[in-house]
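Before any comments, here is the structure.
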Amino acid sequence: MNRRLLERFGLEPHAVSLLERYAGDVAEAELNLTAWTGQDLWTRGVVESLELGRHLGRSEGQGLDLGSGGGFPGMVLAVAHPAWTWTLLDARSRRVEFLEREATQLGIENAVPVAARAEEWIRRHPEYRQHFHAVTMRAVAPVGQSLELGLPFTAVGGRLLLITGSTGLRDAEN
């Protein structure tokens, strides 16, 4: 898988090493971060996140991963796109604590985990309205609700990128 990642996504060897370590930590976490195991963790977690990164539309920017959970796609995108700053927003504080530990231990300085519900966070921080160049979500809610949650954060000219179950990627430009 490593060589394929290097070739297919143009990742530096250091980034591949970080993704290997991160996926291993997710797989071994006591906290139930994902139902994926083994190859599914790589295919559905890492590779689908990297595929999503192809749709960012710019080489640097501010990203928001809503419902970050186990860090897919947010943490993966932070590793693969170091010129971006990623806010990883999740309502579950234990998941956010895991993401904070991982970012610190792996030295991923462009990932900023935040514990909050999206609806509450935007009310408390109106400065983030239309702030992010890319907003990502993976199976957070049905498409209509995902649009309602994500579009307020999406900058004019930005992108809302959704991975919606078996139907795949959805891309909405604001």
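Worth knowing before you read on, the calculation uses all heavy atoms, side chains too, and leaves out hydrogens, waters and symmetry mates.
- Using a 4.5 Å cut-off on side-chain heavy atoms (C-beta onward), Val156 and Gln130 make contact.
- Pairs of residues two or more places apart, or lying in two chains, that qualify as salt bridge (charged side-chain N to carboxylate O under 4.0 Å, His left out) and include a residue from residues 118-135 are Arg117-Glu119.
- For His14, there are no ring-ring contact (aromatic ring centres under 6.0 Å, His included) partners, not counting sequence neighbours.
- Contacts of Tyr128 classified as ring-ring contact (aromatic ring centres under 6.0 Å, His included), with partners at least two apart in sequence or in another chain: Trp121, His125, His131, Phe132.
- Summarising the geometry of Gly69 relative to Leu99, their closest heavy-atom pair is O-CD1, 3.7 Å, with the distance given to 0.1 Å.
- Sorted by first then second residue, the side chain to side chain donor-acceptor pair (under 3.5 Å) pairs that include residues 64-75, not counting sequence neighbours, are Asp65-Ser68, Asp65-Thr136.
- Here Ala118 pairs with Leu66, Leu89, Leu149, Phe153 under the side-chain contact (heavy atoms from CB on, under 4.5 Å) rule; sequence neighbours left out.
- A salt bridge links Glu48 with Arg138; the closest basic N to acidic carboxylate O contact falls under 4.0 Å.
- Glu148 pairs by the side-chain contact (heavy atoms from CB on, under 4.5 Å) definition with nothing, not counting sequence neighbours.
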Run Arg159 and His133 through side chain to side chain contact (heavy atoms under 4.5 Å, CB included) and show every step you take. CA-CA 6 Å; Arg159 301 189 114 163; His133 302 110; over 6 Å; no

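- Here the side chains of Leu50 and Leu52 are not in contact, with every heavy-atom distance at 4.5 Å or above.
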Please tabulate, for the side chains in residues 70-78, all donor-acceptor contacts under 3.5 angstrom to protein atoms that are two or more places apart in sequence or on a different chain.
none

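- Annotation: the span from Leu161 atom CG to Ser146 atom OG amounts to 12.0 Å, rounded to 0.5 Å.
- Side-chain contact between Leu11 and Val79: absent, with no pair of heavy atoms (C-beta onward) separated by less than 4.5 Å.
- By the side chain to side chain donor-acceptor pair (under 3.5 Å) test, Arg54 pairs with Glu51, sequence neighbours left out.
- The nearest pair of heavy atoms linking Leu160 to Gly150 is CD1-CA, 4.0 Å.
- Checking Ile108, Leu18, Leu88, Asp25 one by one against Glu102, the side-chain contact (heavy atoms from CB on, under 4.5 Å) holds for a single residue, Asp25.
- Screening residues 79-95 for side chain to side chain donor-acceptor pair (under 3.5 Å), with sequence neighbours left out, gives no hits.
- Two different hydrophobic clusters hold Val96 and Val135 under the rule that ILVMFWY side chains link at heavy-atom gaps under 4.5 Å.
- Put simply, the side chain of Val46 does not reach to within 4.5 Å of the side chain of Tyr22, judged on heavy atoms.
- Sparse packing is recorded around CD of Glu109, with 12 or fewer heavy atoms of other residues, nucleotides or ligands lying under 6.0 Å away.
- Between the NE2 atom in His55 and the CG atom in Leu162 there is a gap of 12.0 Å [rounded to 0.5 Å].
- Without hydrogens or angle criteria, Ser49 side chain to Gly45 main chain gives a donor-acceptor distance under 3.5 Å.
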Going through the distances and angles, do Thr154 and Leu64 end up as a side chain to side chain contact (heavy atoms under 4.5 Å, CB included)? CA-CA 9 Å; Thr154 309; Leu64 172 65; over 6 Å; no

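- Between Glu60 and Arg58 the shortest heavy-atom distance is O-NE, 2.8 Å.
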